[in-house]
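One structure is given below, encoded as C-alpha cells.
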Amino acid sequence: MSKKYELIESDIRGFYRVKALRSFGNITEGDIGGYVESEDNLSHAGDCWVYGYAKVFEDARVYGNVRVFED
C-alpha cells in the first residue's frame, strides 16, 4: 500500500499537518489537512482524513472512511 499523505511542519508545537500525496475520496493530491501528533493517528488505508483545524493525538486512531472536522 502506498502512502496517501506526508507529515509537514505546522504552527502548533508537537503537531504536524497532513498533506495528500495522491487523490482519494474527496481529497485532491496536494491538499493540506488538519493536525496529527504522528502517523499512528491517521491510517494510510481507506478514505479517512483530518480536515481544517481538527487535531488527532495521543492514542486516537482515524481509519476506514472516517472524516474528522472542526476541533
Side-chain angles (χ1 to χ4, degrees):
M1 168 179 37
S2 64
K3 290 189 173 192
K4 68 180 182 186
Y5 67 87
E6 67 180 337
L7 300 180
I8 59 174
E9 289 189 38
S10 80
D11 55 337
I12 300 176
R13 185 177 177 181
F15 285 90
Y16 299 94
R17 300 279 317 242
V18 291
K19 179 179 178 182
L21 295 175
R22 58 181 169 85
S23 297
F24 58 92
N26 65 345
I27 302 299
T28 302
E29 181 179 341
D31 283 356
I32 304 296
Y35 298 85
V36 296
E37 196 171 40
S38 75
E39 283 194 29
D40 292 336
N41 300 121
L42 180 61
S43 174
H44 285 279
D47 288 343
C48 58
W49 193 245
V50 180
Y51 293 84
Y53 295 100
K55 297 177 193 78
V56 180
F57 54 98
E58 294 179 353
D59 294 330
R61 304 286 184 263
V62 178
Y63 57 92
N65 295 320
V66 172
R67 297 175 183 175
V68 179
F69 295 89
E70 299 181 21
D71 295 331

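Here the structure is a predicted model, which means the values were calculated and not measured.
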With a 4.5 Å cut-off on side-chain heavy-atom distances among I, L, V, M, F, W and Y, is there a chain of contacts connecting [X] to [Y]?
| X | Y | result |
| --- | --- | --- |
| I12 | F57 | yes |
| I32 | V18 | no |
| I27 | Y35 | no |

- Distance (rounded to the nearest 0.5 Å) between K4 NZ and E29 CD: 14.0 Å

- Item | Nearest-0.5 Å distance that lies between atom OH in Y53 and atom CD in E70 | 13.0 Å

Do [X] and [Y] touch side chain to side chain, with heavy atoms closer than 4.5 Å?
| X | Y | result |
| --- | --- | --- |
| E6 | Y16 | no |
| C48 | R61 | no |
| Y51 | N26 | yes |

Nearest heavy-atom pair of [X] and [Y]: which atoms, and what distance?
| X | Y | result |
| --- | --- | --- |
| R22 | K3 | NE-O, 3.7 Å |
| E9 | R17 | O-CG, 4.1 Å |
| F15 | E37 | CD2-N, 4.0 Å |

- Donor-acceptor pair, N41 side chain versus A60 backbone, under 3.5 Å? yes

- Query: Going by the angle between their ring planes, with limits at 30° and 60°, are W49 and F24 parallel, tilted or perpendicular?
  - Reply: perpendicular

- Task: Have a look at V56 and tell me which of V68, V66, L42 forms a side-chain contact (heavy atoms from CB on, under 4.5 Å) with it.
- Result: V68

- Message: Can you confirm whether D59 is buried at CG, in the sense that more than 12 heavy atoms of other residues, nucleotides or ligands lie under 6.0 Å from that atom?
- Response: no

- Query: Would one find more than 12 heavy atoms of other residues, nucleotides or ligands at under 6.0 Å from atom CZ of F69?
  - Reply: yes

